[in-house]
Amino acid sequence: MRQLLKTLLFSPLFIACGDHATDDHSTAADTTAVADTTFNWEVDQFADVRVLRYQVPGWEQLSLQQKQLAYYLNMAGLSGRDMMWDQNYRHNLKIRRALEAILKSDKVDRTSADGEKFMVYAKQVFFSNGIHHHCSMDKHLPEFGRAWFEEALKSSGATLAPEVMEVIFDPAIDAKKVSLESSKDLVLASAVNFYGEDVNEKEVEQFYAKMGSIDDAEPLSYGINSKLVRGQDGKLMEKVYKVDGMYGAALAECVKWLEKAITVAENPQQREALELLVKYYRTGDLKTWDDFNVAWVKDTKSSVDYIHGFVEVYNDPLGKRGSYECIVEVNDPEASKAMSKIMENAQWFEDNSPLLPEHKKENVVGITYSFINTAGESGDAAPSTPIGVNLPNADWIRATHGSKSVSLGNISDAYDKSSGASSLEVFCNDAEEIALAKEHGTLAGKLHTALHEVVGHASGKLEKGIAGPDVTLKNYASTLEEGRADLVALYFMMDPKLIELGVMPSLEVGKSEYDSYIRNGLLAQLRRLKPGKDVEEAHMRNRMWVSAWVVEKGMKENVIAKVERNGDTYYDIQDYDKLRVLFGDLLREVQRIKSQGDLAAGKALVENYGVKVDPVLHAQILKRAEKIKTAPYSGFVQPEMTAVTDASGNITDVTMAYPTDFIKQMLMYGEKFSFLPDEN
Ligand code: ZN
């Protein structure tokens, strides 16, 4: 489960889908680490996207062995990059290769009007690992002419089949990567490449209904590592991602680097986990995947850690299949210390939460929370990145063995440092709200993330005999879980316990978080939607249904006022304590929905409060947002590690550089880390 950037000190706008901040800095280029004051955080902006950079503090303090470990893990991560492209859409790899050919050709004029439009399209496609927007899920539509493109293909020696050309230029074909529109067949309406083209939602559900048993205490993650297709006999079958199966060529490369990582593991626990991961990629065996996750959760001592695998299920409309991703992490012990207080008191939070007694955990187990600096990201985690991650996803492992939660400290810092102060004014109701945000926004954001990850996702339990939310709550499971974790965080953000624990100085921090949550959920985040669109992405949905529900209740009791001023809408929280009670009420209900698997209630909550956008308000928001110059989404150019070797080939150092050219990095990845054929 992941936490995406919601709010930052100076940027009330930057919400779901791994994003970012505002007004910026200069644009000079260099590829070496420099002090904060001269580091160029922003390197590119196009369409609705900004490309930033982040630094890796603490890199030089790592031992050579730790640097090698991080290097091997990062190579293992990059080696799987093609898988994410193919998972996102079946034609992505061939389209990307055609774009690469045009970008590298010296016979194509990329500075003409069409050429410039082509550059924007290419960057959009690279940014979203495919031809669909990473957040809105809509297909990117090229603005260059088809004739220009055909000519450019020809001069660069590339070809695309007529069918693929239609995909690029006809807006109607495979228009949506993931559709969550409940009136449609979600599998058929989604272009994502997790199911054969003729496979429908009902068949998928029937296929998995036969697997496992509701009484199974340790259910496997069925469907997490395969594509479901129709076999020659007409029956559905899984094409499993493994070394001698689907994506075998990429997985073999991943395994090659993971095996090197094993040789420099920091301790036996880490070695065991890595060995299990390799075994899993060789066999595709789901029990081995669980064994790996258990071993990985138990590895809490390593300074260099990682996420590698088919992990997050947000790209599957049915929430079963995992998108490939890798994050290489370097622990930040200093930053972790402050938040460890929350971890140590996890049971207190559970005992004092507003959940129904029967839905509380008696023993909250092993939540390990740390601040880390990421040293490299790939697959689903790049260029757009989460700011917090809590894994593993399997509920039974979390309950029995615990989970690991990380906040990506250097990513949050990069967002903070690249932001400007102009945008709060657009959506804050008054000067007091702006002042509160400026003074407490950064800490409030960090605390919200910590509470969401450590206390939120780990809290609550299912009633006996109730299956996991992916089974019971279906396409509403992700947004309900993210909303539930947000509600836990919101409920405790106004608890004096946080002051007692020494993690925040006053309840003013909580107030600024309440302001920002409502402001984002109901106003600012609408900036990201095109006119006429519904809210689709799970995190954006939850921010809306949580906010809309408490506002509806709160307006009746003078908890929150809706303010109309000069034709613009604002929200003014009048009673923070009562708002906290409302968050608690909603949390209790959402936990009940999860604990009892109450699909009807979950669906009603999401559909009634988190999907439909008032077109008049939406138009107003888009108009107001024109005053904000920076793009609403952002992601990162990755730092690049280089292994320095001596005459006999031994690694003597691993250096870290910070490139500034987004497209150059994308082309380099395409050359060095592309192992899959066009069709898989
Ligand atoms: Zn989450």
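The figures that follow rest on heavy atoms only: side chains count, while hydrogens, waters and symmetry mates do not. Every number for a ligand or one of its atoms is a count from 1 in the order of the listing.
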I'd like the atom name of the N/O/S atom in Glu482 lying closest to the Zn ion (ligand 1).
OE1
Students often mix this up, so state it plainly: with edges at 30° and 60°, are the rings of Tyr369 and Phe371 parallel, tilted or perpendicular?
perpendicular
Could you check whether Glu181 pairs with Lys176 (Lys NZ or Arg NE/NH1/NH2 to Asp/Glu carboxylate O, under 4.0 Å)?
no
Do Asp534 and Lys612 meet the salt-bridge criterion of a basic N to acidic O distance under 4.0 Å?
yes
Taking side-chain hydrogen bond (donor to acceptor under 3.5 Å, both in side chains) as the definition, give me every residue that meets it alongside Glu344, ordered by chain and number, with sequence neighbours left out.
none
Does His539 put an N, O or S atom under 2.8 Å from the Zn ion (ligand 1)?
no
Indicate if the distance from the Zn ion (ligand 1) to the nearest N, O or S atom of Asp486 falls below 2.8 Å.
no
